[in-house]
Amino acid sequence: MAKYIAQIIVMGAQVVGRAFARALQQEFAASQAAARARGSAGQQSAAASSITGMSLQEAQQILNISNLNPEEVQKNYEHLFKVNDKSVGGSFYLQSKVVRAKERLEEELSIQSQQQKQQSDQNTET
């Protein structure tokens, strides 16, 4: 009886191990495909996220922005910076998060403008 239970446990572990390995392979392949699809702009964006310590999505949530628009970024930044000023009872921590979010969004805007410039340069060459 103990022999059969041990065999069941070993077989179950093998099945789970194979499924886990297959899932890892699929995830790796999907991430590689996504990286190729994003190209250099995706790599620059990932680098900016790493440097600033904040993802693009997090920065957009902090400043309550759905579209990357420089005027909207500045407007929301100024409002949230003033509201969170320590002299009016705000939080220095929140104010610093607002500043970091603005920096991250400005970095993304510069990446996008560089990419658009490269595309327009390529279009003029052809």
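All residue numbers in this chain count up from 1 along the given sequence.
By the side chain to side chain donor-acceptor pair (under 3.5 Å) test, Gln112 pairs with no residue at all, sequence neighbours left out.
Using a 4.0 Å cut-off between charged side-chain N and carboxylate O, Glu58 and Lys97 make a salt bridge.
In this structure, Met54 CE and Leu105 CG are separated by 8.5 Å, a value rounded to the nearest 0.5 Å. Expressed to the nearest 0.5 Å, how far CG of Asn76 lies from CD1 of Ile62 amounts to 12.5 Å. Separating the NZ atom in Lys75 from the CD1 atom in Ile65 is a distance of 9.5 Å, to the nearest 0.5 Å. Here CD of Gln61 is found 10.0 Å from CG of Leu56. Values are rounded to the nearest 0.5 Å.
The shortest distance between side-chain heavy atoms of Glu107 and Glu103 does not fall below 4.5 Å. For the pair Ile5/Ile9, a side-chain contact is recorded, criterion being any heavy-atom separation below 4.5 Å from C-beta on. Looking only at side-chain heavy atoms (C-beta outward), Arg104 and Gln60 stay at 4.5 Å or farther from each other.
Grouping Ile, Leu, Val, Met, Phe, Trp and Tyr by side-chain contacts under 4.5 Å, direct or through others, puts Tyr93 with Leu94. The hydrophobic cluster around Phe20 extends to Leu24, counting ILVMFWY residues whose side-chain heavy atoms fall within less than 4.5 Å of a member.
Taken together through direct or relayed side-chain contacts under 4.5 Å among Ile, Leu, Val, Met, Phe, Trp and Tyr, Val99 and Val83 form parts of separate hydrophobic clusters.
The only option from Lys102, Lys82, Glu106, Glu72 that meets the side chain to side chain contact (heavy atoms under 4.5 Å, CB included) definition with Tyr77 turns out to be Lys102.
Side-chain atoms of Gln114 and Gln118 form no donor-acceptor pair, as typed in the model, at a separation below 3.5 Å.
More than 12 heavy atoms of other residues, nucleotides or ligands sit less than 6.0 Å from atom CG of Asp85.
With Asn67 contributing its side chain and Asn69 its backbone, the two residues share no donor-acceptor pair below 3.5 Å.
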